[in-house]
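Before any comments, here is the structure.
Nothing here was measured: the structure is a model prediction, and the numbers come from that model. What's counted below: heavy atoms across the whole structure, side chains too, no hydrogens, waters or symmetry copies. Every chain is numbered from 1 and lettered A, B, ... according to where its sequence line falls, protein lines coming before strand lines.
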Amino acid sequence: MNSASSISSLLRRPQSGVSQRPESSLSHHTIQHGSTATVASLARPASSASIRPTSRASYRPKSRQQKLTTAKLLPFCGDVVRKVLGEPGEGDDEHERKYHEMVDWSVKQLGSEGSNKAALVFDMEGINKMVRGHVEKARVKSQDTLADALERCHGQLNELAEGEHDLDDEIKKSRLSAHIQFLLAMSSPPEPSTLTHASLYLDALDNPPPPAEKDQLTWKKILQEDPYEGDHWIGVPGGIPLPRKRRSPAYAAEVDDDELLDDLDTSSSLSPLNSDDLALDDTDSENETFQPLDKTPNSGVLLASTIDTGHKPLYTTYAYRKELEDLKSKQYWQPDWRMNSEVALQRRGTFDIGDASTLGPTLQRVLPKNMPSEQLPLELVLSVDRHIREQDAVREVLIALQGRENALYDQDFKTTKNTPKLLHYSLTSQQSLLNTIGDSCRTIQRLRQFTSSIMRHSFVVRSKGRQTISAVDRMRAGRVGKITRTIEAFADAIDAEIILLEAWCSNREEAWLRALNGLVPHPEFDTQDAGLVVSLLGTEKAFRDHFEDSFNTLLEVVIQVVGEPQLEEWALPIRSPSLTTTLLLDTLFSMIQQRLERGDKITAEVLMKVFVGSAEPVWNMIGKWIGNGFETNGGQDQSLAQVGGELEEEFFIESNGLGIELGVLGLLDPDYWREGYSLRDDTSSGSTFQVDENSSSTQTRIPSFLKHVAVTVLESGKAIGLLTALGVDMRDRNSGEAQFICNWEWPSFQNLVVDGSTWSPQNNSTNGRALFSVSVDQLSRRIYDKLTPYGHATGSLLARVIIEECDFWSHLRAIESLYLMQRGDIISDFTDILFAKMDSQQNWTDFHFLNTAFSEMIAASNITGRNEEFIETSLIRLSYQGGSFKEKNALRTVKPLDGLSLEYLIPFPLTYIFTPGNLQLYSEIFIFLLQIRRAKNLLEKILVRGASGSNPGLKAFYAMRSRLSWFVNTFLNFLTTYVIQTPALSFHKALAEAQSQSFDQVIEVHEDYLRKVHNRCLLQTKTNALYQAVLSILDMTLNFNDLFGAFAGDVTMHDISSHSLVLKHHRSRRQRRRRKNTIGFSHQMDPSFDTSESEMEQEEDEVDYSYSVSINASTFAESDDLFTKVNKMSTDLDGLVRFVRRGVETLAGGTSDAATTFGILAFSLEDWDL
Amino acid sequence: MPSQESDRIASAQQTLDILYEMSQLLNTHLDKETLTTCVRMIESGINPEALAAVIQELRRENAALVGRA
């Protein structure tokens, strides 16, 4: 054991100076974080290990070097092994043995290998790579905190390594890499605790702990102490009296602060803070003087306390105070701020022509002093004598323009009595200048209030949600006005202008601040290299030059549209949204025009920008409308439909609600196309929003700049909607229009306006302000150019789809064949059956009879006819809707035929062309033609072959017959040839043209054609007299037939075409009886011609229905009577025909297309006299 | 205490603190005392890799020892 200890003592390393110092109590304790003593203990050898007997290994013969190394290593290894293995329990021999074994082993390991393999140590570069590897690994594992922490920690180490190298350092910087390498070699994968530690570490780095407080002297501590103790109580009134030697410098209060501090510096060991240097770091603050907060020079008491340890708060330092005072001295806006030179100037008081600053005070001084204060200008009496520099005033003005609190104005942007003055301005000049600027500020402020009000309204609406507004809310909203997108956009555009203004103000301020620091003036404000002059007047002028009248004009627009605000809160206009939108856009537009006319370019540009911004929502609505068309899924989206369809209330196209209730059915409504959507140009609807009917009734709802394209927009949207409803897929089509529609892009309104606008050099110089230098005409032109091709494409595509793919031609042909009787075969077959039925007094109005007969004829013709003449029988329906059926009437007048109606069931998209109204017109033409045919048919039956000379009475009959049939034939010929056939041909031609234009064009062409035919058949109300005259002639034909029947005894013997031969033997009697009835044809050419009606009623009264026994012989007496009647009839006919001829000649008098047609009839009727 | 020496100690303390943070972040399971000893050893010229190997080995031995006990 002794030998062991002696060896061990040999091994003891030479003690360093550090280790010789007396052991502190700390050195044995566990090392604490932050304790300086810890590292001091590093130098000390582990005492317990060093005296312990070493193992046999240490006996081994060793080289001197090895011995030295071993000696050095042994205590360390002992330490390490003990740390790793833990402290042995008492009497734990096993553990003790293991311990020695391990120590020996590690010493051997480290001694023999460790020192020899020093070459393996990486340099810092290699270490950096390895650490980066670890960081990367952590990042890959999403352990960003760890990665950050590692990076920062490593960064700190790198900083250390790059710092100064001190050879005496305990830990040499050069070996840092080895340390890190060791740590890296020891590293193991991160555990949760590692991550926690990383985040704590980062947190600690970000929030460094405050300096320890224990030594800091605070007022709290001072007050907690017993009074009169401690150095800081020295000199305090009531405290410890100042020592004599300190008293004198401390009471040298009258002198300047700096001097005082110099004194303090020399007389005490206090901080030499006599400089203005504010680089106060921690080391400085350790020795700072405690200064009283209030260093009023006249206080006479200075606390010269001598606190020698700890930090003091920054605000207690003199430098801090001085800086504060310096800063305060720059705060010209403080009410108690005084210009330095002011006192001197005013004291001097003389006017110096070379010094502008003397003007203001001089003028003020020369004001009559003895004048009573009531006569003085108010602002003079009230104003305070406070002057500020002009650049400060300019700054305040710029601040005021930005709508912020400032020293010059109160919150209404009016000067107050506290408004500071400028030295070189007279009161009045300053006042007027500030008033001018104040006006502008007020305008801008009101615009600001407007925009914020609108935004607030809009926020309220948005937060409520548009869909959930109840009916009550909507009513209330109706009373308080509605927010529209356009008004929002308008507010936004104004806001953008205000922001531009604020930026302009900031730039100006920046320019002069830069200039103060010697920087080049901002290029924008100084183009002529003349240096920057900051003056109130210059600022005012620059403001005017840059913005001209734009803000005033904008405010004017706002007031015109929204009205004057109440208490800074702008209420929304109470009218219908579309009216507001239109009014707003129109007002803006007309303002632009006015300004452009005046040459007020800048204002016009600003207005244009605002206008473009405000028009954007409507423009987008147009885009949406013509892009998507109307919605056809009303049934699926009821909630949307009930709110008013997909169209905004402010849009100038409105849905009339047709089809919204019915869903898809609405689309099938023939009126849907025409009336489903329309322009909001009537003011009657939406009157609930109108408070003042008179003012709004004259206002239109289409913005004027869109008026010329409104119809195009409406039609395009409808066309696209219908195309979508028809399931037309544009992409599948190869036509140019479809491609055009597919590739259609809707630009923003701004792009539309900017595109191709002329860029002149001066525009470039103003940096984008002149983006919208487009004139009003150009704008309209551009809108038109943009919209029209699209309108054409959609229109013609739709027209083509409908005409080519919806069997338009076959239906048109069917309608023409039937209604206009162009297919003579079918019609004459049908009329033969019908008239025979009439002649035979049978019930010809029977629904089934009519339809069976008609469809049989058509079916027969379909079989024999060519393919293209095929007519779908199931689409046709004949019905009789006249009053009560009167058989006899059918024989006396053609009127009963009026009750007949021919219906043709038009399939869906074509119903827009062949509307029920149109079919009604067709039907009227059909009936008229049928009536003529009826007359013609009867006349044709009056035929007596041979032996005509035997009965002289027959001559009169035949003369009459030929006159009647001449007229009827001429008229029918005229109708079929010139009224129906010729226009039909030109209609087909026009249709082919219209097809390439638009669907509406097709509808229009068709209606035009139909109206033409209808009019020329004398069916319009204007020609009602002529129509009635023709009807009278036709009725006359029937009467003549009766007369002839009575004369000939039995007309049916001449009937060669009648299919029905019933009741022929009992008729003559009846017919004879009927002759007695006087048929009063009106001779006077009364245009009202209401005779037929009354005539029918008379007949009904007079005629009895009894069938008498037939006497099949006629006497001459009766014949005489008959001849008289025939003669009379002939006269009547002559009168009627002449009347018709005169009427037709009048009609032929014009220059219109119809006139030439009627000219033909008139010419034909000329022959009547021959 | 002479200020130079205290500066040195403070500097060493700072370095050691950062190294300790690093060791924590790398999850080396070294306490501050052991780390201090290790730093000293490396400062005196021991190869860090070898030292690391020794400590790892010691830990294994210890684990074995504890396991036997």
Under 4.5 Å between any side-chain heavy atoms of A:M186 and B:S23, yes or no?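 SC-SC contact between A:M186 and B:S23 ruled out.
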Hey, does A:W105 have a side-chain heavy atom less than 4.5 Å from the side chain of B:V54? yes
Under a 4.0 Å threshold between the charged nitrogen and the carboxylate oxygen, would [Y] count as salt-bridged to [X]?
X      : Y      : answer
A:E101 : A:R97  : yes
A:E151 : A:R139 : yes
B:E43  : B:R40  : no

Against chain B, label [X] side chain, backbone, both or neither, depending on which of its atoms sit under 4.5 Å from a heavy atom there.
X      : result
A:H134 : side chain
A:L176 : side chain
A:L146 : side chain

Largest heavy-atom contact set with chain B, pairs under 4.5 Å, which of A:Q156, A:M102, A:H197: A:H197
Out of A:L157, A:L184, A:V80, A:L195, which one racks up the most heavy-atom pairs below 4.5 Å with chain B?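 Among the listed options, the one with the most contacts to chain B is A:L157.
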Under a 4.5 Å heavy-atom cutoff, which of B:L25, B:L19, B:I55, B:L58 has the most pairs with chain A?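 Counting heavy-atom pairs under 4.5 Å, the top option is B:L25.
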